[in-house]
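Everything on this sheet refers to the single structure shown next.
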Number of protein chains: 2
Amino acid sequence: MTSSDRSSASDGEGLIDALVQAAFATMAVLNKVAADGDLSLTQLRVLAILRDRRLGTTALADYLGLEKSTMSGLVERAEKRGLLQRAQDASDGRAVEISLSSRGKKLTERLYVQVEGSLNPMTSALSPPERQRLRVLLERMLGGSDRREGG
Amino acid sequence: MTSSDRSSASDGEGLIDALVQAAFATMAVLNKVAADGDLSLTQLRVLAILRDRRLGTTALADYLGLEKSTMSGLVERAEKRGLLQRAQDASDGRAVEISLSSRGKKLTERLYVQVEGSLNPMTSALSPPERQRLRVLLERMLGGSDRREGG
DNA sequence: TATTGTTATACTCTATAACTATA
DNA sequence: TATAGTTATAGAGTATAACAATA
């Protein structure tokens with residue numbers, strides 16, 4: 001870091017520290033919720049993405065930023081556990097449609113509630129108006145447009 | 001979620017969504033920086049923690065929330081790559097002192113700069129006063145006290 | 001030829017259990 | 001007995017490369 005950095009010397013650096021810490025704290029909570037449901041964080045994300053979508057292997061891999069071969073393994077293990085299923089795509093003989101099973105749906109809804117409950121202690125450090133302001137700032141930073149993981 | 005949730009129905013839920021999205025966005029950047037340096041995110045964290053500390057296997061594992069056996073492997077591989085070294089603790093025959101090598105130090109500093117540079121596009125969506133406010137809110141949420149990863 | 005998906009292979013990350021050496 | 005650390009083992013996550021089937 002040199003002082004030539006544009007407007008990020010004093011507040012930018014601190015912000016980045018805070019963002020990284022908040023990210024680790026949040027991921028730790030998500031990890032714990034996933035682990036309590038006997039899932040990895042990646043599996044939790046797979047369920048969250050499939051919450052209201054049916055996708056092919058490649059599309060799902062793209063959502064997660066993973067290789068399709070990695071995706072095959074993840075889906076395989078989740079399917080073996082009865083959380084989702086693969087079905088042939090009627091309009092494309094090569095493609096599959098991956099979707100949550102009813103058991104997977106139930107689990108996903110339960111995990112959502114747990115995520116909210118587990119993150120509440122953290123957000124409760126702020127007053128309601130502060131929470132509101134934080135939400136607005138984060139949404140603004142993230143681009144405002146709608147592209148969240150779970151729906 | 002029911003409407004009986006205390007003061008978290010309208011803004012709390014949205015905030016949690018925003019926090020999770022911000023966490024994933026931040027982790028994606030950290031992951032990419034790590035991968036560019038041929039490291040896993042965990043290895044990046046190890047380097048960050050050792051940036052200004054010398055620690056034993058157990059202490060390091062506690063920082064990361066991992067088992068000490070996991071730590072042994074991580075340290076072993078990092079040592080093999082010349083990023084850190086283990087030395088006998090003079091005052092305790094069982095313990096080791098893990099510290100960055102000069103190569104590890106250089107790499108860590110470089111990665112720090114890259115993390116800042118890589119997160120800047122995201123934070124630049126906000127104006128300087130907004131960044132300042134976001135930082136304050138995040139720090140407040142995280143507890144205010146000083147317990148960041150890298151120093 | 002390009003795309004969709006899987007399989008084979010290899011490596012890292014991770015935990016549990018058993019172990020050695022020191023305290 | 002308790003603590004610090006390693007090793008053995010097993011399984012999940014990940015990428016690369018090679019492959020089959022379909023478009």
Side-chain angles (χ1 to χ4, degrees), chain A residues 24 27-28 30-50 54-99, chain B residues 24 27-28 30-50 53-81 83-99:
Chain A
F24 276 115
M27 296 311 271
L30 293 180
N31 239 313
K32 173 142 187 27
V33 169
D36 285 351
D38 234 328
L39 296 170
S40 70
L41 184 53
T42 306
Q43 295 278 15
L44 178 67
R45 295 183 74 187
V46 170
L47 298 185
I49 292 168
L50 291 176
R54 310 170 138 264
L55 295 172
T57 302
T58 301
L60 200 44
D62 287 346
Y63 265 89
L64 290 166
L66 300 172
E67 291 301 313
K68 51 189 181 165
S69 59
T70 301
M71 208 63 245
S72 277
L74 285 163
V75 169
E76 162 102 18
R77 289 185 289 273
E79 188 176 37
K80 199 171 292 178
R81 295 177 55 179
L83 300 177
L84 51 78
Q85 64 261 317
R86 281 178 281 200
Q88 285 295 330
D89 184 322
S91 63
D92 186 336
R94 302 167 298 179
V96 298
E97 263 197 355
I98 304 166
S99 59
Chain B
F24 276 115
M27 296 311 273
L30 293 180
N31 239 313
K32 175 145 186 23
V33 169
D36 286 351
D38 234 328
L39 297 171
S40 69
L41 183 54
T42 306
Q43 295 278 14
L44 178 66
R45 295 183 73 187
V46 170
L47 298 186
I49 292 168
L50 292 175
R53 278 178 277 254
R54 309 169 140 264
L55 295 172
T57 302
T58 301
L60 200 44
D62 287 346
Y63 265 87
L64 291 165
L66 299 172
E67 290 300 313
K68 52 189 182 167
S69 60
T70 301
M71 209 61 245
S72 278
L74 286 163
V75 168
E76 161 102 20
R77 288 185 291 273
E79 187 175 38
K80 200 170 292 177
R81 295 177 56 180
L83 301 177
L84 51 79
Q85 64 259 315
R86 281 178 281 199
Q88 285 295 331
D89 184 321
S91 63
D92 186 337
R94 301 167 299 178
V96 298
E97 263 196 353
I98 304 166
S99 58

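Every heavy atom of this structure was used, including side-chain atoms; hydrogens, water molecules and symmetry mates were not. Here is how names work: the chains are called A, B, and so on, in the same order as the sequence lines, proteins then strands, and each is numbered from 1.
Whole-Å rounding puts the L44(A) CG to dA12(D) C1' distance at 15 Å. As rounded to whole Å, 11 Å separates atom P of dG13(D) from atom CG of L64(A). For L60(B) and dT6(D), the CG to P distance is 11 Å, given to the nearest whole Å. E76(B) has its CD atom 13 Å from the C1' atom of dA8(D), to the nearest Å. Atoms CE (M71(A)) and P (dA12(D)) sit 15 Å apart, rounded to a whole Å. Atom CG in D38(B) sits about 10 Å away from atom P in dT12(C), given to the nearest Å. One can place CG of N31(B) at 15 Å from P of dG13(D), the figure rounded to the nearest angstrom. As rounded to whole Å, 14 Å separates atom P of dT4(C) from atom CD of Q88(A).
Put simply, S72(A) has no side-chain N or O that comes within less than 4.0 Å of OP1 or OP2 on dT7(C).
For residues 56-77 of chain B, every residue pair satisfying the salt bridge (Lys or Arg N to Asp or Glu O under 4.0 Å) rule, not counting sequence neighbours, is listed here: E76(B)-K80(B), E76(B)-R86(B).
To the nearest 0.5 Å, the span separating CD1 on I49(B) from CG on L64(B) amounts to 4.0 Å. The structure places CG of L30(A) at 12.0 Å from CG of L39(A), a figure rounded to the nearest 0.5 Å. Taking CG of D36(B) as the reference point, atom NZ of K32(B) lies at 3.5 Å (rounded to 0.5 Å). Here L55(B) contributes atom CG and L50(B) contributes atom CG; the two are 6.0 Å apart, rounded to the nearest 0.5 Å.
Contacts of E97(A) classified as side-chain hydrogen bond (donor to acceptor under 3.5 Å, both in side chains), with partners at least two apart in sequence or in another chain: R54(A).
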Inset, instruction - For nucleotides 13-23 of chain C, just jot down a letter per nucleotide in 5' to 3' order: B, S or -, based on protein non-hydrogen atoms under 4.0 Å. - result: SBBBB---BBS
